[in-house]
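Some notes on the structure that comes next.
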There are 2 protein chains.
Amino acid sequence: MGAETSDAPRAWRIVLEHVETQLLEGALRPGDRLPGERALSAELGVGRSSVREALRVLEVLGLIRTSAGSGPTSGAIIIATPGGGMSALMRLQVAASGFPVADIVRTRLILESSVAGDLAEATAPAGAAPDLAPAELLLDAMDSPGLTPTEFLALDAAFHLALAEASGNQVITATMAGLRSGIEGYALEGVAAIADWHATSARLRGEHRGIVEAIQRADAATARTRTHDHISGYYAETFVDTPTA
Amino acid sequence: MGAETSDAPRAWRIVLEHVETQLLEGALRPGDRLPGERALSAELGVGRSSVREALRVLEVLGLIRTSAGSGPTSGAIIIATPGGGMSALMRLQVAASGFPVADIVRTRLILESSVAGDLAEATAPAGAAPDLAPAELLLDAMDSPGLTPTEFLALDAAFHLALAEASGNQVITATMAGLRSGIEGYALEGVAAIADWHATSARLRGEHRGIVEAIQRADAATARTRTHDHISGYYAETFVDTPTA
DNA sequence: CATGCTACTGTGGTCAGACCACAGGCACGC
DNA sequence: GCGTGCCTGTGGTCTGACCACAGTAGCATG
């Protein structure tokens, strides 16, 4: 059977909307399994290839996880891991010149400063402090001598992400993961532009400690400015044209 | 030919990475046409269905636009419209409970307050003011009596987006478009929870004017707090549990 | 009766081939 | 010179086939 004769929205979109509807109705929840591709195909009256195109989209967007074989863990399972989809989106948009790197950095500045400030404010009432342990573990790991710049940057990224996670805001966490992915390539290139990596990494480590310290001291204003300066300082060192806003 | 025997990453991913590489190398730029599906299939040694799965992903992510027929506008053309992909991602993640609505609202709060403040700061040096005309046109449109709540909310969303666009940050613009899409359904439901829509819409209109006024007065602090209060106030009215942070 | 192995079944992954609708370009006829 | 219709190439879709994989049920064996 060829293309639909009448109005016919694209077949794969039918599948996508069907899944979205099921999700909204609560008929499908994280952890549930989708019907098999062949079943979905028959149920919706579209070809299996169209079903697969829709599933591929859902997979890239971090909505489902697919695995072959049989048993309860096989098939397409609803998950909700926004980080992956966000990363793919940002990476490709940067590659396609849709997202200027400077805009990504500016957005990081806004988001991360805010996260640090909120974390500090949440620390105010003693006892209700957010959990910074994961972030501090990463700081310790970054102190280990002999790290290559690449390894260091990976830990650096993980540290910033750990702060976002500590804030408990999943949207911000996923967005930051995506932003970071989008400029990962540039960050690695930027290392080459740094004259004295040893000095720079030492400074970065110190700044990280300073941010955590300000948060734990419940000093929101300092946490914000230190975060801001930390990020803009790094990009000022690696890029010629860096946003200062 | 069936599934690959050896390690073989999934075929569609090969296509995706191929396009991404071409993009990064500059071999493919916005406006360019991708090779036809059949050509790509032959070139990369994968089936056409696999090529299509990859193209579908790129399409949903806002990287390409496809159209049938012949001529220079047919085929898959590189575009970079991040808004669409971001919207799809957010909408589906909310549907799948990956993104709590409260987190989206909190993120809006951060982003939009910051945008308003930056806009005000950019206004400081006379003459270099950002272009708020599109936003003001929307405000005028919102003054028209007889708007249904749905129409009003659409204009409201467009107004907030216009501010983001005025800031010139494409990442923030796209992200805000996505955030908005993610909670669109909730916003519409929320209207029902409002006792006096007439009074509420009048208040919203006034708050919008106030934000623009503060920006034009280059009063960043006021622009920030007014934006913050505007957003959190609206959600406080429509939701029971609204973030106040 | 307990245990280990094997064949089966259902799942996604992939490919090949076919047909359709659509839109531009070209050649022919007027 | 101009208009009309065919031709070709494009995405869009479907069908049918096969493969690799993993769990499971059933059989054979101790």
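Chain naming here is simple, since letters A, B, ... match the order of the sequence lines and numbering starts at 1 in each. All heavy atoms count here, side chains included; hydrogens, waters and symmetry mates do not.
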Work out which heavy atom in A/Thr66 is nearest to a heavy atom in A/Ala76; give both atom names and the distance.
CG2-CB, 3.9 Å
Can you tell which of D/dG11, D/dC14, C/dG13 lies closest to the side chain of A/Ala11?
D/dC14
Quick one: label B/Gly47 by what it contacts on the DNA or RNA (base, sugar-phosphate, nothing), any heavy atom closer than 4.0 Å.
sugar-phosphate
What's the CH2-P distance between B/Trp12 and C/dG13, to the nearest Å?
9 Å
Report the distance from atom CZ of A/Arg48 to atom P of C/dT11, rounded to the nearest whole Å.
10 Å
Degree of bending in the helix from C/dC1-D/dG30 to C/dC30-D/dG1 once both end axes are built from five pairs, to 10°:
20°
For B/Arg56 and D/dG12, is the shortest distance between a side-chain N/O and OP1 or OP2 below 4.0 Å?
yes
Which heavy-atom pair separates A/Val60 from A/Ala88 by the least distance, and what is that distance?
CG1-CB, 4.3 Å
Between CG of A/Leu55 and P of C/dT11 the distance, given in whole Å, is 13 Å
Which part of the nucleic acid, if any, lies within contact of A/Gly71, taking any heavy atom under 4.0 Å across all strands shown: a base, the sugar-phosphate backbone alone, or nothing?
sugar-phosphate
Salt bridge or not for A/Glu59 and A/Arg65, using N-O below 4.0 Å?
no
How far apart are the C-alpha atoms of A/His160 and A/Arg180, what are their side-chain angles, what is the distance that settles it, and do they pass the side-chain contact (heavy atoms from CB on, under 4.5 Å) test?
CA-CA 9 Å; A/His160 286 270; A/Arg180 162 75 201 183; over 6 Å; no
Strictly below 4.0 Å, N to O, side chains only: are B/Arg91 and A/Glu20 in salt-bridge contact?
yes
What is the distance, to the nearest angstrom, from the CD atom on A/Glu53 to the C1' atom on D/dG11?
10 Å
So, does A/Ser50 get its side chain near the phosphate of D/dC14, meaning an N or O under 4.0 Å from OP1 or OP2?
yes
Could you check how far CZ of B/Arg33 sits from C1' of C/dA23, rounded to whole Å?
12 Å
For the pair made of CD1 in B/Ile14 and P in C/dC15, what is the distance, rounded to whole Å?
8 Å
Record whether the side chain of A/Arg38 comes under 3.5 Å of the base of C/dG12 through a donor-acceptor pair of N or O atoms.
yes
Check: B/Arg10 side chain, C/dG12 base, donor-acceptor under 3.5 Å:
no
Which residue, A/Ser70 or B/Ser49, contacts DNA chain C at a nucleotide closer to its 5' end, judged by nearest heavy atom?
A/Ser70
Intermediate values then yes/no, salt bridge (Lys or Arg N to Asp or Glu O under 4.0 Å), A/Glu53 and A/Arg56
CA-CA 5 Å; A/Glu53 291 179 20; A/Arg56 199 80 319 116; over 6 Å; no
Between B/Thr73 and A/Pro35, just flag the one whose closest nucleotide in DNA chain C comes earlier from the 5' side.
A/Pro35
Touch class at under 4.0 angstrom, heavy-atom based, for B/Ser41 against every strand present
nothing
Are B/Thr66 and D/dG12 close enough that a side-chain N or O sits under 4.0 Å from OP1 or OP2?
yes
Tell me if the CZ atom of A/Arg29 is crowded by more than 12 foreign heavy atoms within 6.0 Å.
no
Between C/dG24, D/dT10, C/dT11, which nucleotide gets closest to the side-chain atoms of A/Ser74?
C/dT11
Rounded distance in Å - CD1 (A/Ile77) to P (D/dA22)
14 Å
In whole Å, what is the span from the CZ atom of B/Arg52 to the P atom of D/dT15?
15 Å
Measuring from A/Tyr234:OH to A/Leu153:CG, what's the distance to the nearest 0.5 Å?
4.5 Å
